[in-house]
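Note that ligands are numbered from 1 as they come in the structure, with each ligand's atoms numbered from 1 the same way.
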Amino acid sequence: MNSAPQASYSWQARSRSRSRRWVLWTLLVALLVALLSTLVWLAGRYEVSQVQSRLEQDAAQMATDIRAALTRNVQSFQALQVNSPSPEVWRLLAADLLRENREMMRLESRDQALDLVAFAETPYRTSVFERLGRGATRSDVRFACTAAQRFSGPAYSTSYFLPQADGLGLEVLDMCLPVLVSGQLAGYLVATYSLPGILSELVGRRVARGQGLAFTEADGTRLAMYGNPTRGSRAYIAQQLLDLPGNTLVLRLESQRSTQALFPNLLTALVTAMSMALVAVLALLGRDMRRRLKVEHDLADALAFRKAMEDSLVTGMRARDLQGRVTYVNPAFCQMVGMEAGELLNNGVPPPYWPPERVEEYGQRQASRLALGATLPREGFESVFMRRDGSRFPVLIIEAPLINAVGKQTGWMSAILDVSEQRRIEELSRASQDRLQATARLATVGEMASLLSHELNQPLAAISSYATGSLNLLQSAAADVRQPSSNEDLQLAMRRIAEQAERAGKVIKSVHDFVRRREQVREPIEPRMLLDAVMPLVSLQARKLAVRVLIEVDPGCGPVLCDRTMVEQVLLNLARNGMQAMQALDKNRRADKVLTLRVRPAASNAWSRWVEFAVIDHGEGISEKLAQQLFTPFFTTKAEGMGLGLSLCRTVIEQHGGFLGFEAVSPQGTIFTFTLPEATSPGKPPELAVQAAPAS
Ligand code: ADP
């Protein structure tokens with residue numbers, strides 16, 4: 001009814017749900033991207049912290065190693081002083097120590113006033129003090145030794161730079177160890193360490209490729225360096241304080257960040273790969289969803305179209321399952337029987353639209369039809385259904401098996417047409433046909449009335465003349481009683497009068513019979529009797545038109561099943577038309593004015609036998625132009641004709657299941673033939689029997 005607002009409403013709802021879907025999808029993608037980037041970032045961070053903590057550990061270990069080595073060296077120095085060797089011996093022992101420990105640049109034995117007693121230089125290079133001279137660093141030594149004296153143990157000076165002869169320089173550090181003899185300070189041992197030497201000799205082996213180890217100042221200035229110094233900011237850095245008595249150095253371990261690989265380690269790579277896979281799956285899912293939505297949309301459209309089609313159908317549709325229960329009805333069917341779909345569906349057998357008096361018959365019919373399965377004939381069959389108000393109405397049902405997607409029969413689908421209107425129209429047209437036929441018959445009667453008056457004239461004139469003759473005879477007999485012959489004459493005249501009166505009576509009766517018989521009953525009747533019945537009327541006209549009537553009946557013809565009055569009228573019509581067609585023949589061809597009424601068996605089959613009636617004239621014939629209009633009602637070429645004869649004749653014959661046609665006769669004339677079923681036909685063919693049977 002209000003389909004336009006509904007359509008716009010559903011369009012709005014659809015667009016709203018589409019935009020909501022869009023928002024959801026965008027949110028999902030954004031969340032996923034955020035989650036994945038966080039994950040990748042966290043994985044990277046984790047990996048960096050792993051490397052960093054490893055580096056810190058390494059740096060701490062290195063600092064410990066350096067401290068241990070320096071302590072070991074202190075022990076070696078103490079061993080050097082054992083037994084207070086002479087300066088020569090000391091020098092030899094010191095030279096040995098210097099050979100073994102490459103980090104030491106120079107060993108000095110000093111007295112209590114810090115004056116040099118003996119010294120030895122490393123054999124691996126020229127003297128580090130060659131350029132500057134030892135005197136310049138005296139204050140450093142003094143500080144260290146003062147501290148050493150205070151600690152009563154080794155003390156280290158701050159590092160200082162020594163320019164070298166080769167143009168480069170060397171950062172060195174002095175260590176001062178107080179030498180005690182019997183608990184009394186006997187002098188000092190001063191060792192000069194090279195800072196690069198400490199790095200390379202004491203922990204150099206632990207520095208991996210790509211790493212750099214350095215001593216730095218607090219502001220980051222490198223004092224000494226070992227390994228690959230890092231450039232730029234992309235480096236891992238671990239710093240450790242190297243606490244020495246009197247001095248604290250900063251040990252800095254640097255590791256180059258491997259920038260060439262996009263993914264620093266397996267974890268990050270794995271997480272990234274999985275994230276990418278997830279995004280790809282999401283994209284595929286999105287595409288799949290889009291396709292699904294499209295299919296869903298198409299399906300909804302198709303469904304809506306089907307529903308609209310179903311609702312606008314005027315044919316009732318009904319589906320039944322294999323047990324005969326109604327599983328589907330369309331609105332047209334509901335309207336037809338005046339019930340709601342809910343009352344009809346799955347309500348078992350019998351359905352509420354079966355008239356109660358026919359339930360048993362329909363039940364049997366349904367069982368036998370369902371048993372036929374897929375071999376059920378496709379022709380429609382007629383049945384009677386009942387409306388809610390109890391009124392019955394005729395329907396035409398066309399039923400077909402309902403086959404599901406896998407080709408299995410799941411029930412029956414029927415199209416149902418309400419044919420009550422059609423039946424009403426048929427009834428109306430039959431009634432008007434009847435009225436027409438009656439009119440035509442009356443017209444024939446009117447035509448015959450003139451013939452009748454002419455025909456009755458003869459017997460009446462004869463009766464009148466016989467009566468006059470008889471009167472004359474009676475008068476003369478009264479005058480002369482001796483005339484004996486007059487009595488016989490009188491008798492003869494009276495007999496003639498009676499004969500003529502009977503003849504006139506017959507003429508009147510034939511017309512009366514023709515007009516009066518109305519009931520439409522089909523009865524078996526001999527063809528000969530049909531001809532005999534019309535013969536008085538035919539011969540009436542034949543005599544007037546000077547036509548000779550011949551009758552040929554094949555003795556092999558059995559009785560025909562027909563409505564007598566109707567067929568007689570057909571015969572009469574055809575005979576009259578034939579005779580009128582010969583009216584125009586000129587006088588000298590009188591001999592040709594013959595009308596033949598012929599009856600013989602017609603072509604028959606196993607189920608029905610037919611009889612052919614023919615009316616043959618030698619009249620003017622029927623031209624092609626005339627032939628086209630011959631059966632049109634009210635077509636006539638005659639001044640007094642009605643033009644209804646032939647069209648009614650054909651209707652009558654077709655109502656009997658027969659056929660009416662005509663052909664030309666050589667050399668001149670027409671033959672009209674029609675067929676009627678023989679009353680002794682064995683029966684109708686089986687499919688006709690099924691078609692005609694009532695069913696549910
Ligand atoms: P009507 O006899 O009242 O004219 P019909 O329907 O019987 O009506 O015939 C229609 C017309 O067909 C006739 O007027 C006539 O011209 C033509 N016709 C019928 N039968 C014959 C025939 N046997 N020979 C020639 N013409 C015929």
Side-chain angles (χ1 to χ4, degrees), residues 429 432-452 511 514-515 530-531 534-535 537-542 544-552 565-586 589-599 612-656 658-675:
S429 94
S432 62
Q433 276 283 357
D434 282 356
R435 271 199 300 280
L436 258 180
Q437 278 167 2
T439 315
R441 204 160 41 236
L442 285 176
T444 315
V445 170
E447 199 179 304
M448 268 159 199
S450 60
L451 282 176
L452 209 66
V511 175
F514 179 73
V515 180
L530 284 171
L531 297 185
V534 294
M535 265 325 278
L537 295 174
V538 171
S539 27
L540 259 182
Q541 197 159 20
K544 186 183 168 200
L545 298 175
V547 172
R548 210 148 42 89
V549 180
L550 286 183
I551 292 182
E552 297 171 12
T565 320
M566 297 288 189
V567 176
E568 281 169 11
Q569 196 179 346
V570 171
L571 275 171
L572 197 63
N573 245 311
L574 295 180
R576 197 190 54 201
N577 278 350
M579 288 186 289
Q580 284 174 345
M582 289 188 287
Q583 207 176 356
L585 288 186
D586 46 28
R589 288 185 58 200
R590 257 206 174 152
D592 294 340
K593 284 193 170 186
V594 179
L595 181 81
T596 315
L597 302 178
R598 189 184 71 198
V599 184
E612 182 199 81
F613 290 74
V615 179
I616 308 159
D617 70 67
H618 301 286
E620 56 208 2
I622 295 171
S623 68
E624 211 161 291
K625 188 160 165 271
L626 199 64
Q628 285 173 2
Q629 292 171 290
L630 208 57
F631 293 100
T632 315
F634 304 110
F635 170 77
T636 179
T637 56
K638 299 166 198 164
E640 77 287 8
M642 285 251 306
L644 276 173
L646 283 179
S647 80
L648 282 173
C649 286
R650 188 155 76 170
T651 312
V652 167
I653 296 305
E654 283 173 1
Q655 274 175 359
H656 282 80
F659 166 82
L660 184 138
F662 66 91
E663 275 173 51
V665 174
S666 76
Q668 195 182 11
T670 318
I671 168 169
F672 273 86
T673 54
F674 64 88
T675 54

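In this structure, G669 does not count as a contact residue of ligand 1, since none of its heavy atoms falls inside 4.0 Å of the ligand. Contact analysis puts F672 in contact with ligand 1, with a non-hydrogen atom separation below 4.0 angstrom.
Closest to atom 26 (N) of ligand 1, if we only count protein heavy atoms, is I622 CG1, 3.6 Å. Shortest contact from atom 5 (P) of ligand 1 to any protein heavy atom: L646 N, 3.7 Å. Nearest protein neighbour of atom 23 (N) of ligand 1, counting heavy atoms only, is D617 OD2, 2.9 Å. Protein heavy atom nearest atom 8 (O) of ligand 1, with residue, atom name and distance: G643 CA, 3.3 Å. Protein heavy atom in closest approach to atom 15 (C) of ligand 1: T637 OG1, 3.4 Å. The protein non-hydrogen atom at the shortest distance from atom 20 (N) of ligand 1 is N577 CB, 3.3 Å. Closest protein heavy atom to atom 18 (N) of ligand 1: L630 CD1, 4.2 Å. Ranking the protein heavy atoms by distance from atom 24 (N) of ligand 1 puts A581 CB, 3.4 Å first.
Remark: the backbone N or O of A542 is not paired with any side-chain donor or acceptor of S539 at under 3.5 angstrom. Formation of a donor-acceptor pair under 3.5 Å by the T675 side chain with backbone atoms of G658 is not found in this model.
Residue T670 has at least one heavy-atom neighbour below 4.0 Å for each of these atoms of ligand 1: 24 (N). Close approach of ligand 1 to T636 (heavy-atom distance below 4.0 Å) involves ligand atoms 1 (P), 4 (O), 14 (O). Taking a cut-off of under 4.0 Å to the non-hydrogen atoms of F635, the atoms of ligand 1 that pass are 10 (C).
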| task | May I have the step-by-step check of side-chain contact (heavy atoms from CB on, under 4.5 Å) for L660 and T673, ending in yes or no? | result | CA-CA 6 Å; L660 184 138; T673 54; over 6 Å; no
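A distance of 11.5 Å separates CD of E654 from SG of C649, quoted to the nearest 0.5 Å.
For the pair E552/T596, a side-chain contact is recorded, criterion being any heavy-atom separation below 4.5 Å from C-beta on. A heavy-atom distance below 4.5 Å is found between the side chains of T651 and Q433.
Heavy-atom contacts from other residues, nucleotides or ligands closer than 6.0 Å to CZ of F631 number more than 12. Atom CD of E663 sits in a sparse spot, with 12 or fewer heavy atoms from other residues, nucleotides or ligands closer than 6.0 Å. Atom NZ of K638 is surrounded by more than 12 heavy atoms from other residues, nucleotides or ligands within 6.0 Å.
The heavy atom nearest to atom 25 (C) of ligand 1, out of those in G621, A575, G578, is found in G621.
Between K638 and ligand 1, at least one pair of N/O atoms sits closer than 3.5 Å.
Considering every non-hydrogen atom in both V547 and M582, the closest pair reads CG1-CE, 3.9 Å.
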